[in-house]
Structure formats: C-alpha cells, structure tokens
Amino acid sequence: MDATPSNIDLQRSNYDVDAIRADFPILASEINGYPLAFLDSGASAQKPECVLRCMDDVYRRSYANVHRGAYTLSQAATDYYEGARKTVARYINARSDDEIVFTHNVTAAINLVAHSYGRRFLQRGDEVIISQMEHHANIVPWQLLRDEIGIELKVAPIDEAGNLLLDQLAEMFGYKTKLVSLTHVSNVLGTIVPIKKVIDLAHERDVPVLIDGAQGIVHTRVDVQDLDAEFYAFTGHKLYGPSGIGVLYGKKDLLNTMPPYEGGGDMIERVTFEKTTYRDAPARFEAGTPPIVEAAGLAAAIDYVDGIGVENISAHEQELLAYATERLNEVDGITIYGEAQHKAGIISFTLDKVHPHDIGTIIDSRGVSVRAGHHCAQPLMDWLGIAATTRASFGMYNNKNDVDALVEGLNYVKEIFS
Amino acid sequence: MDATPSNIDLQRSNYDVDAIRADFPILASEINGYPLAFLDSGASAQKPECVLRCMDDVYRRSYANVHRGAYTLSQAATDYYEGARKTVARYINARSDDEIVFTHNVTAAINLVAHSYGRRFLQRGDEVIISQMEHHANIVPWQLLRDEIGIELKVAPIDEAGNLLLDQLAEMFGYKTKLVSLTHVSNVLGTIVPIKKVIDLAHERDVPVLIDGAQGIVHTRVDVQDLDAEFYAFTGHKLYGPSGIGVLYGKKDLLNTMPPYEGGGDMIERVTFEKTTYRDAPARFEAGTPPIVEAAGLAAAIDYVDGIGVENISAHEQELLAYATERLNEVDGITIYGEAQHKAGIISFTLDKVHPHDIGTIIDSRGVSVRAGHHCAQPLMDWLGIAATTRASFGMYNNKNDVDALVEGLNYVKEIFS
Amino acid sequence: MDDDVRELYQEVILDHGKNPRNFRQLEDANCEAQGNNPLCGDRLTVYLKVDEDRLIRDAAFEGRGCAISMASASMMTQIVSGKTVSQVQYLFDKFHKLCTGEIEEFPQDEFAHDVDKLRVMSGVRQFPMRVKCATLSWHTMNAAVSGDSETSTE
Amino acid sequence: MDDDVRELYQEVILDHGKNPRNFRQLEDANCEAQGNNPLCGDRLTVYLKVDEDRLIRDAAFEGRGCAISMASASMMTQIVSGKTVSQVQYLFDKFHKLCTGEIEEFPQDEFAHDVDKLRVMSGVRQFPMRVKCATLSWHTMNAAVSGDSETSTE
Ligand SMILES: Cc1ncc(COP(=O)(O)O)c(C=O)c1O
Ligand SMILES: Cc1ncc(COP(=O)(O)O)c(C=O)c1O
C-alpha cells in the first residue's frame with residue numbers, strides 16, 4: 001500500500017478513528033450503561049488529552065499574568081499566549097500575528113466588529129447583508145446596531161435544499177451596502193457556503209465581508225489570504241479547544257482604523273484622566289487579562305487537528321454523513337433538513353409526531369447525545385416552518401457505531417410513541 | 001489550646017501555610033536554581049490542586065455545551081455552570097443567583113455596566129465619580145462612554161498616604177452625579193477603601209455605586225447585601241481561579257432594566273429578523289457559549305478560599321505585610337508608596353537610582369517574582385510623580401521566606417548598581 | 001434510566017401528548033397569557049375564564065411543544081377548571097416542587113384526586129432539563145391569573 | 001541566569017544608564033519622535049539633526065526609563081552621529097535581530113567599531129521581556145528619520 005502522505009484518499013482509508021477516539025478521555029464514558037455516542041460536536045466538541053495536558057501544565061509550571069511582569073513565569077505564560085497567536089495565524093495563514101485578536105467566543109468577536117467597525121463606518125440607512133440561515137450570533141449584534149444607529153438588515157435567501165441563492169444575493173447589493181456578514185457553514189443545515197464567491201462578489205462592489213467561521217473552520221481548511229475576507233471569526237470550543245476563547249481575524253490596516261471595544265488594562269498606550277491613547281491591534285481589542293491558558297489550549301487543539309489534517313477529518317466526516325443520511329432515510333417518518341450540494345458533517349431532522357426534545361431525552365437514555373431545539377437559528381426555523389429539529393453533528397472521533405446507536409435510539413423512540 | 005473555630009486569632013496561629021503551599025503545585029518550582037518566591041498574586045494568583053483537578057475532571061467526564069442539550073452530559077455541564085453561579089451568589093451573599101453574571105474578566109464586567117447601564121441611564125453632562133487610584137479598567141470604560149455620550153468624569157482625591165478623602169468626595173456630589181465607580185482595594189497602594197461609607201454617602205443622594213472588587217474580594221469578606229452596592233465586579237484569576245472568567249454582581253431589578261450588552265445565542269427569548277426580545281438577567285448578559293469550565297474552576301477556588309476562611313487568609317497577609325514593611329524599610333534608599341490606615345497585602349516601592357524594571361529582572365534571577373511598572377494605574381503614577389514602582393503582593397501561600405528572598409534580591413540589585 | 005424514560009413517557013402522558021384536551025382558543029376567556037421556553041422555542045397560550053369569585057370556570061390552551069409540555073398543559077386545563085385561583089396557585093406550588101424534587105410527595109389533602117393525575121408527571125424530576133417542559137403551562141396559567149401577559153421559563 | 005544578569009548589567013551599560021550621553025534637548029533638531037513603552041509607561045524623545053544629504057549631524061535624547069533603555073539610547077546617540085540615515089537603518093535592523101536572537105552575530109563589515117559597542121547590549125536576548133527596553137530608542141530614532149512623530153514598542 002502506498003503511503004504517500006499527500007494522497008488524501010489513501011490517507012482517509014488510513015484514518016485511524018480508534019486511535020483518535022483513544023485520545024479523547026470522555027469518549028470512554030458510559031451513559032446509563034450504554035457507550036457514549038456523542039453526536040453534538042456542533043454545539044461543542046470534546047477535547048483531546050493533549051489539550052487537557054497542555055492547560056494543566058501551564059497552570060502547574062508556567063502560570064502568571066502575561067505581558068506585564070519582568071520575570072520568568074510571566075515570560076513563560078506570555079510565550080504560551082503569544083505563541084498561541086502565532087499558531088492561529090499560521091493555521092489560517094494570516095499575514096501577521098497582529099491580525100489575530102483573542103476574544104472569549106465567536107459571539108464576542110462578531111459583536112466586536114458590529115460595535116467597533118459598525119459604529120465607525122456605518123451610518124443610518126446603510127445596509128448589512130446576512131443570510132436566512134444565520135446563527136443568532138450573526139443576527140442579534142446587527143440588530144443591536146440597528147436599534148442604535150438605524151442600519152438596515154438585508155437577508156439573503158436560500159433554496160429548499162439550503163443553498164445560498166448567489167444570484168439573488170448579487171442583486172441585493174446597492175450603494176448603501178456596507179458589509180456582508182455571513183456564516184461559513186450552517187449549524188443547522190450543514191450547508192457549506194461558497195464564501196469565496198460571495199467575498200469576490202462583495203469585493204467587486206468594494207463591500208467588506210465578515211465570515212462567521214464557528215462551524216466552518218472545524219470542517220474546512222481556512223486560508224484567510226486566499227479567501228481575502230476582511231474578518232473571519234471562530235470559537236475555540238468547537239475546534240476541540242477549551243471553553244472561554246474565540247478568535248477574530250481581521251486585516252491589520254482595517255483593525256487599526258477601528259476604535260477600541262472594551263476599555264481597560266493592556267489595550268492602552270497612555271492614560272490620563274483627560275485623554276487616553278490606544279495601542280494598535282491586537283492589543284487594542286484585548287482589554288484586561290486575556291484567556292491565557294485557554295489560548296494555550298486552543299493552540300494545542302489546532303496542532304492536534306493539523307497533525308491529523310482537517311482535510312482528512314473532513315473526508316472522514318463526509319463518509320459518516322453519507323452513511324447517516326442513508327441509515328436515517330430508512331427510518332419511517334423522518335424528514336431531513338438540508339440537502340445542499342456541499343454539506344459538512346451536520347444532519348438535522350424531524351420525526352413525525354415526535355417532538356425533538358422527546359427524541360433527545362429518550363435516545364440519551366441509550367447513550368446518544370444529540371441536540372434538540374432551534375439551534376440558535378429561529379429565523380431559519382420559522383422559514384422552515386418548524387419549531388425545532390433534532391441535530392446530529394460529527395466530530396473527528398465519531399464512527400459508524402455512533403450512527404447505528406442513533407438509528408437504534410430512534411427506533412426506541414418510535415416504540416415508545418407507537 | 002482552645003480550637004473554637006470562630007476564634008480567628010487562634011485560628012491564625014493555626015494557619016498552616018505549609019499545608020496551603022503544598023496545595024499549589026507551581027510553588028514547588030525553582031527559578032534559576034532558586035526556590036520560587038511568587039510575589040505577584042495581585043496581578044494573578046496561582047491555583048490550588050483542587051481547581052486544576054476540577055477543571056480537568058469536567059473536561060474528562062462532564063463536558064458538553066450548557067443549557068441547550070436534553071442529554072446527560074449537557075445537563076452535567078449545566079449543573080457545573082449553574083452550580084458555580086450558586087456558589088458565587090452564596091459566597092458574596094447575593095439575594096438570588098440571578099444577580100450573578102459571568103463575564104470573561106472584571107474589565108468586561110465594568111465595560112458591561114458602562115455600556116449598558118451607562119447608555120440607558122446617563123446623559124450628556126451627567127457625572128461619574130471615580131478616584132485617583134483607579135485601575136485603567138475603571139477609567140477607560142468611562143472615557144469611552146464620555147467620548148460617546150459626553151458624560152463627565154470626576155476624580156475623588158486621596159491623601160499622601162493613599163487614603164480616599166471622604167469629605168472631599170462627599171462634596172463632589174451634585175444633581176448631575178449619576179454613578180460612583182470605585183475600587184475596593186487599590187492594586188498599587190493596597191488601600192482598603194471604606195466602600196461601605198462611600199456607598200452610604202452615595203445612597204443618601206440616590207446615586208448608585210459600582211465597586212471594582214478585583215483586589216477587594218481577594219482580601220476581604222464581601223457581603224453584597226450588607227454593602228448594598230448596585231454592582232460589585234471581580235475577576236476569577238486573582239481569586240485563585242482560572243483565567244477567562246469574571247463576575248458582575250448586580251441588583252436584580254436594576255439588571256433587568258438594562259439593555260443587552262453583546263447579542264447572540266442564549267440571551268434571547270425570541271428572534272425574528274424584525275424584532276428580538278431578550279431574556280432576563282443573567283442570561284441577557286451572557287451571549288454565546290459561556291466560560292463553562294472556567295466557572296466550575298472558579299467555584300472550586302471559592303470553596304477552597306472559603307474552607308480556609310478569607311478572614312484567616314487576610315490575617316496571615318497582614319502579618320506578612322507588617323513583616324515586609326519592616327524588612328523593606330531596612331533597605332537603604334527605599335521608598336514605600338501607600339500607607340493607608342487599612343491596607344491589604346500589597347506593597348509598592350521604589351529604590352533610589354534603580355528603575356523597577358531592572359529590579360524585576362535582577363531579583364527574578366534569584367527566584368523572586370514581582371511586578372514592575374505602572375500597574376495599569378498611570379493617573380495614580382502621575383499623581384505620585386513617578387513612572388513606575390516595584391510591587392510585591394501577597395497571596396494566601398506566601399511566607400516570610402518569600403519576603404526574605406525579596407529583601408536579599410534587593411540587596412543583590414544594590415550590589416550590581418553600586 | 002431506561003426505566004426512568006419509561007416512567008416519564010407513561011401511557012397517560014403519551015395519550016395527553018397526542019390528544020391534548022381543551023386544546024383550543026377560549027372565545028370568552030378573560031385571562032390569558034403566553035408562555036415561552038426560550039431554550040427550545042416552544043410556546044403556548046393559556047386561556048382562562050375566571051369569575052368574580054376568582055373561580056376558574058373554564059380553561060384551554062393552544063401552542064406547540066413536546067409530549068411532556070403538551071400533556072402537562074392538557075392535564076392542567078382539566079385540573080384547574082372549577083377551582084379557585086388560590087387553589088390552583090397552591091397546586092402549582094406543590095407541583096413545581098414535586099417536579100424539581102424539592103418535595104417527594106404531595107401533601108395528603110383535599111386535592112387527592114388531582115394529585116393522582118399530577119403525580120404521573122413527576123417522572124420528570126429525573127430529567128432536570130425537562131422540568132421546564134412540565135411546568136411551562138402552569139407558569140403560564142399562573143401568569144394569566146396574575147395579570148401578566150407573557151412569561152417564560154428560565 | 002545569575003551570569004546572564006551579570007552579562008546584561010555590564011559595567012558599560014550601568015555606566016551609560018547612570019550617566020547617559022547626549023541626554024538633552026537638541027535645539028536645532030529637525031527630526032524628532034517620541035517613543036512609548038506602553039507596558040511600563042516609559043517614554044523618551046529622540047532629537048536628530050539631519051542634513052540635506054541625509055547625514056545625521058547630531059543626535060540627543062531625553063526621557064526616563066530603565067538602565068537598559070537609557071544605556072541603549074545613550075549609545076545610540078553616539079553611534080548614529082555622523083552616519084547616513086540608511087546606514088543607521090541598516091544598523092537598527094541588525095541590532096534588532098541581535099536582540100531578539102534572530103541572528104547570533106553582527107556581520108563583519110564596515111561598522112565593526114559600532115558593533116563592538118552594540119554587542120554589549122545583546123545580553124538582553126536572554127530576557128525577552130526586556131528586548132523592548134533595548135530597542136525603544138532605536139525604534140524611536142527610526143520613526144524620527146521616517147517622519148513619524150510617535151512610536152511605541154509593542
Ligand atoms: C483594581 C483592579 N481592577 C481591575 C483589574 C483588571 O482585572 P482583569 O485584568 O482580570 O480584568 C485589576 C487587575 O489587573 C485590578 O487590580
Ligand atoms: C454558526 C455559528 N455561529 C456562532 C456560534 C456561536 O458560538 P459561541 O457560542 O461559541 O459564541 C455557533 C455555535 O453555537 C455557530 O454554530
């Protein structure tokens with residue numbers, strides 16, 4: 001067998017999901033006597049041993065506040081923190097470490113842009129284009145801005161399958177369009193949005209673009225220079241990293257034209273009561289003590305993902321998605337939502353006459369963790385004409401047994417509700 | 001010997017600092033062959049074993065996203081997260097868990113109030129009173145608000161020793177005074193501000209009060225009902241908890257009159273593109289995935305502190321402070337800044353002809369970690385007429401050896417600079 | 001927990017869930033309130049007809065939700081009809097405590113008959129995430145009689 | 001690290017730190033810039049007199065800072081006097097790389113004499129937190145000749 005490392009197909013057949021599973025301590029759990037089938041990585045992924053070790057280690061050996069101390073431990077902690085910035089920059093191919101702002105989640109990153117970029121560059125009547133399938137994190141910040149300064153929200157439509165309607169999107173641009181803010185991957189439908197095309201469309205019209213990469217970065221390789229988006233935001237806990245950290249990538253020149261978001265220590269150049277001046281990005285946007293150890297953990301997670309290769313992970317997830325789609329379609333009364341041309345490992349469905357919450361509770365008793373609800377995407381739910389779905393989402397560690405457990409769980413649900 | 005647990009003096013003599021030190025793994029470190037004398041807890045404290053174990057455990061056994069999943073792991077994580085809220089509420093004696101908002105640090109908590117409370121209730125020309133010894137985190141947010149809506153900042157003076165001048169503060173109130181925002185303990189001078197008196201002063205004039213408790217909660221027992229402040233904010237990492245978490249306590253009725261801060265998932269009641277309604281506090285102010293595991297870690301830290309008793313910790317720190325003051329005063333050319341009547345375990349000083357940064361570097365080579373700089377309090381530095389100080393700050397685990405190491409370090413500095 | 005699940009999804013709950021009683025708008029209602037569960041987006045409206053003596057003459061509801069919340073609402077409308085406001089508030093309090101596990105059993109009192117009905121819902125206490133589903137309709141009813149037009153379980 | 005500390009705080013650095021050369025305002029300066037180190041609040045102003053041929057005729061500085069930054073500024077003013085702007089920018093680049101450890105040694109070139117002076121500062125590379133102290137004056141000088149009036153080490 002040829003082991004050329006660049007051959008992804010061959011690699012995929014080499015993808016050792018058992019070895020990967022062994023790296024995630026929580027996967028050995030039993031729930032109610034059943035092996036855990038964790039199918040909610042879209043809400044938050046589990047963490048590999050190396051991430052946990054790394055964070056524990058920082059606290060045990062290298063912890064102090066960053067940036068401020070002229071002593072060894074503070075330097076060590078700063079090395080972790082700034083090293084994490086380098087890791088992120090390298091991973092998404094940013095031009096400079098200064099383009100990486102750490103926040104506490106992706107929600108904060110989008111709010112930062114809405115607040116700081118929005119209030120500097122947008123005015124009453126200006127338009128921001130989002131899509132029908134946004135997460136609340138990419139809706140509500142713009143609504144708060146709307147309430148404040150009177151911008152307009154334009155919603156790009158999708159088709160039945162969940163594809164973004166590019167032609168219609170193209171026609172929405174007008175002279176008042178000042179920003180496009182779009183999800184990379186729908187957390188409900190799984191749609192992988194052709195963001196490169198949207199970015200090109202927008203740039204032809206000189207409109208900057210923010211990409212909500214919360215789901216996107218988990219399933220695809222992101223190269224911010226190739227994409228050329230002005231902003232790309234994501235969250236650590238979905239990328240196998242810890243809770244409490246998010247990332248805003250922004251083009252450096254743009255970041256440096258933006259006013260501060262929060263005020264406090266570390267983001268200032270000079271403070272007097274009369275006048276305060278601010279440092280350049282990223283410091284300008286990182287007021288106060290940052291998520292030091294979380295950054296170290298995120299860097300460890302990225303190294304882990306990169307070691308396996310996001311393309312390989314994604315290929316593995318595609319296999320699972322195909323298998324799950326096939327097996328779920330065998331279940332009587334099921335409706336799957338989201339059949340876009342390009343889909344990530346996320347599958348939403350409903351089951352006739354059974355509410356997703358009941359499904360969630362019942363299959364949990366068989367060890368299967370799925371999410372049931374509106375997935376923070378109520379406008380999409382309204383558009384679909386439903387209140388909620390059950391969603392299974394795959395991580396690098398899922399296998400066919402997990403899918404089988406899901407299907408068996410659904411059969412148990414049907415037995416109860418028969 | 002009488003072991004009545006309520007007898008603090010007796011307890012203090014029982015204070016087993018060696019046992020406590022053994023609980024903090026990092027304290028066994030050597031720096032450059034010297035035992036670590038960590039004297040920068042004011043910037044960020046080290047973490048006891050129980051905090052590290054707790055966080056590691058959550059990730060290994062009980063991790064999932066909170067609030068959203070109808071399954072066992074999500075419930076377990078939610079129990080940790082909401083349990084942490086209860087722990088904080090109990091510890092500071094809040095009336096209700098709903099008065100506890102988790103943020104990512106105290107800086108964020110103050111910005112939240114400035115942004116949300118400030119823009120709802122303050123208008124052009126209204127005045128906010130702060131003091132001469134505030135941390136940038138309690139200056140810059142108000143300046144950002146000033147730049148935006150035109151409030152005025154009034155600065156309450158202090159005396160040479162670092163005492164807040166209460167009489168002069170009392171005279172600063174006018175009909176335009178809309179908020180007092182004050183540090184509980186100065187992170188530079190160590191001054192313990194008589195905040196209860198200030199709160200009473202303010203309340204007599206119907207002016208609400210925010211207390212920056214970043215340092216205060218570490219050294220004193222905080223009872224928010226007794227204090228009666230409208231807001232009390234603090235940060236987890238200084239209270240022996242993890243990085244990445246802060247707390248805003250706010251009176252419930254007040255919080256519920258305030259508009260959201262960041263927008264996103266979990267803080268909404270119902271989202272449509274046209275109109276969105278928000279949940280009550282604390283959810284309203286916790287957009288997106290919160291610092292789940294950090295909250296669990298903070299709760300473990302609080303339990304640990306409470307197990308020892310903050311009064312006992314503080315009594316121990318007072319002993320160290322007295323000892324350090326005495327020993328430092330023996331060093332030729334030293335000037336100590338901050339001699340307030342009530343002082344926490346923080347001691348700032350300068351040494352003739354040697355810049356604090358040089359001191360920091362040199363004594364680090366002898367294992368002593370101190371902070372050198374403006375301590376994010378430039379207006380105070382300007383008032384003192386200096387650029388920087390060296391600061392030693394004590395945690396529950398420090399002992400006289402640490403102080404001795406500091407003094408020896410300073411002698412080494414003098415040797416080099418002689 | 002298999003047993004727990006079976007206990008939660010008893011026949012009678014499944015039956016009420018599938019065929020909720022009093023599932024309609026009440027034309028002559030004089031109290032009504034909307035209940036939201038912001039976590040799942042489920043919502044329901046409770047309609048009550050309350051007379052001068054604070055006696056509930058009729059009760060109905062509309063909305064969407066899981067089997068638990070539908071069944072709970074359905075049973076609730078049956079139970080509250082013919083009771084006074086203070087009686088149903090008393091029952092609500094006890095029911096709430098039963099669901100959260102604050103009390104183990106209903107007190108033995110005049111409401112023995114209703115209590116039997118409500119007891120079938122108490123399996124929910126093994127499922128803390130679902131307590132809100134079981135209590136949403138009761139919260140909403142309580143809001144309606146208290147004159148609040150909106151409520152949500154938090 | 002004791003040795004490292006001793007190497008950092010060599011006699012010559014301590015001497016320049018205590019008695020900085022060219023520590024004054026330059027009345028007839030035509031280039032000047034302020035440098036801030038936001039982390040410690042230290043700041044200094046660099047004054048230069050640059051003639052039409054981009055030759056630095058005179059250099060001085062004022063400000064406050066640690067021994068490292070004072071010594072570095074002091075030596076810098078000595079070194080840049082009499083050199084062209086491009087020469088000092090070349091030196092700055094090499095010096096910066098030496099301090100951050102990007103290069104181990106100065107190239108052997110025409111600046112051998114200056115390099116000896118600068119080499120004493122290179123002990124700072126063992127103290128990453130202090131690199132900014134050593135390079136602040138150079139950054140500021142560079143800002144001054146480039147026409148920026150403010151700079152800060154980040
Ligand atoms: C008095 C005071 N306020 C605010 C802060 C800021 O804390 P954080 O950086 O955790 O937001 C600090 C510590 O740096 C402090 O000492
Ligand atoms: C597409 C998308 N955007 C934003 C978010 C919000 O992420 P966080 O809660 O970490 O801020 C999520 C996940 O919940 C998501 O799936």
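Lettering follows sequence order; numbering is per chain, from 1.
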Point to revise | Any donor-acceptor N or O pair under 3.5 Å, side chains Ser243(A), Glu294(B) | key: yes
Point to revise | For chain A, the option from Thr107(B), Val140(B), Ile26(B) that forms the most heavy-atom pairs under 4.5 Å | key: Ile26(B)
Study note, to complete from the structure: Of the listed Gly373(B), Pro242(B), Ala372(B), Pro260(B), the one with the largest count of heavy-atom pairs under 4.5 Å with chain A is Pro242(B)
Review point. Tell me, side chain or backbone of Glu134(A) under 4.5 Å from chain B's heavy atoms, or both, or neither?
Key: neither
Revision key, fill the gap. So, the part of Asn65(A) with a heavy atom under 4.5 Å from chain B: the answer is both
**Study point:** Part of Arg61(A) lying under 4.5 Å from any heavy atom of chain B
**Key:** backbone
Check your understanding: Given the side-chain rings of Phe102(A) and Tyr81(A), with only the six-membered ring counted for Trp, is the space between their centroids under 6.0 Å?
Key -> yes
Point to revise | Structural part of Gln143(A) lying under 4.5 Å from a heavy atom of chain B | key: side chain
Study note, to complete from the structure: In terms of heavy-atom pairs under 4.5 Å with chain A, the winner among Gln132(B), His357(B), Lys275(B), His135(B) is Gln132(B)
Exercise for review: Please flag which part of Ile139(B) lies under 4.5 Å from any non-hydrogen atom of chain A: side chain, backbone, both or neither.
Suggested key: side chain
Review point. Pick from Leu153(B), Leu27(B), Asp56(B), Ile363(B): which one has the most heavy-atom pairs with chain A under 4.5 Å?
Key: Asp56(B)
Review point. Quick one: do Asp382(B) and Arg270(A) make a salt bridge, cutoff under 4.0 Å?
Key: yes
Check your understanding: Going from CG on Asp364(B) to CD1 on Ile359(B), what distance comes out if it is rounded to the nearest 0.5 angstrom?
Key -> 13.0 Å
**Study point:** chain B contacts, top residue of His374(A), Gln46(A), Arg53(A) (heavy-atom pairs, under 4.5 Å)
**Key:** Gln46(A)
Practice item. Ignoring hydrogens and angles, state whether a donor on the side chain of Ser365(A) or Asn32(A) is under 3.5 Å from an acceptor on the partner side chain. Key: no
Point to revise | Side chains of Ser44(B) and Tyr63(A), donor plus acceptor under 3.5 Å | key: yes
Check your understanding: Considering only heavy atoms, which portion of Ser41(A) lies under 4.5 Å from any heavy atom of chain B: side chain, backbone, both, or neither?
Key -> neither
Point to revise | Sub-4.5 Å side-chain heavy-atom contact between Ile31(B) and Arg366(B) | key: no
**Study point:** Ala43(A) portion near chain B, given a 4.5 angstrom heavy-atom threshold
**Key:** both
Exercise for review: Could you look at Val106(A) and say if it's the side chain, the backbone, both or neither that has a heavy atom under 4.5 Å from chain B?
Suggested key: neither
**Study point:** Whether Lys47(A) side chain and His237(A) backbone form a donor-acceptor pair below 3.5 Å
**Key:** yes
Practice item. Could you tell me the separation between the CG atom of Asn105(B) and the NZ atom of Lys238(B), rounded to the nearest 0.5 Å? Key: 9.5 Å
Exercise for review: Identify which of Ala28(A), Pro141(A), Ser29(A) forms the greatest number of heavy-atom pairs closer than 4.5 Å to chain B.
Suggested key: Pro141(A)
Review point. Among Thr235(A), Thr272(A), Thr289(A), which has the most heavy-atom pairs under 4.5 Å with chain B?
Key: Thr289(A)
Check your understanding: Are the side chains of Pro290(A) and His104(A) in touch, meaning some heavy atoms are under 4.5 Å apart?
Key -> no
Check your understanding: Tell me, side chain or backbone of Leu52(A) under 4.5 Å from chain B's heavy atoms, or both, or neither?
Key -> both
Point to revise | Region of Tyr278(B) that comes under 4.5 Å of a non-hydrogen atom in chain A | key: side chain
Check your understanding: Under a 4.5 Å heavy-atom cut-off, does chain B meet the side chain of Ala45(A), its backbone, both or neither?
Key -> backbone
Exercise for review: Could you look at Val293(A) and say if it's the side chain, the backbone, both or neither that has a heavy atom under 4.5 Å from chain B?
Suggested key: both
Check your understanding: Under a 4.5 Å heavy-atom cut-off, does chain B meet the side chain of Pro259(A), its backbone, both or neither?
Key -> neither
Point to revise | Residue, of Ser74(B), Ala287(B), Ala77(B), Gly360(B), that accumulates the most heavy atom pairs under 4.5 Å with chain A | key: Ala287(B)
Practice item. Heavy-atom distances under 4.5 Å only: say whether Leu36(A) touches chain B with side chain, backbone, both or neither. Key: side chain
Exercise for review: Among Pro291(A), Ala295(A), Gly263(A), Ala114(A), single out the residue with the greatest number of heavy-atom pairs under 4.5 Å to chain B.
Suggested key: Gly263(A)
Check your understanding: Can you tell me how far CD of Glu286(B) sits from CE of Met267(B), rounded to the nearest 0.5 angstrom?
Key -> 11.0 Å
Check your understanding: Looking at His136(B), Met55(B), His375(B), Glu148(B), which has the largest count of heavy-atom pairs under 4.5 Å with chain A?
Key -> His136(B)
Study note, to complete from the structure: Given Val368(A), Asp147(A), Leu112(A), Thr276(A), the one with more heavy-atom pairs under 4.5 angstrom with chain B than any other is Thr276(A)
Review point. Is it true that the side chains of Tyr59(A) and Glu49(B) contain a donor and an acceptor less than 3.5 Å apart?
Key: no
Practice item. Go through the atoms of Met381(A) and report whether side chain, backbone, both or neither lie under 4.5 Å from a heavy atom of chain B. Key: neither
Review point. Between Gly367(A), Gly264(A), Gly265(A), which has the largest tally of heavy atom pairs under 4.5 Å with chain B?
Key: Gly264(A)
Check your understanding: What is the distance from atom CD1 of Ile245(A) to atom OG1 of Thr103(A), rounded to the nearest 0.5 Å?
Key -> 7.5 Å
Review point. For His115(A), is it the side chain, the backbone, both, or neither that has a heavy atom closer than 4.5 Å to a heavy atom of chain B?
Key: side chain
Practice item. Answer yes if the side chains of Asn138(B) and Ser181(B) hold a donor-acceptor pair under 3.5 Å, and no otherwise. Key: yes
Exercise for review: Taking Ser116(B) for its side chain and Tyr261(B) for its backbone only, find out whether a donor-acceptor pair lies under 3.5 Å.
Suggested key: no
Exercise for review: Please check if the side chain of Arg391(B) supplies one atom and the backbone of Asn187(B) the other of a donor-acceptor pair under 3.5 Å.
Suggested key: yes
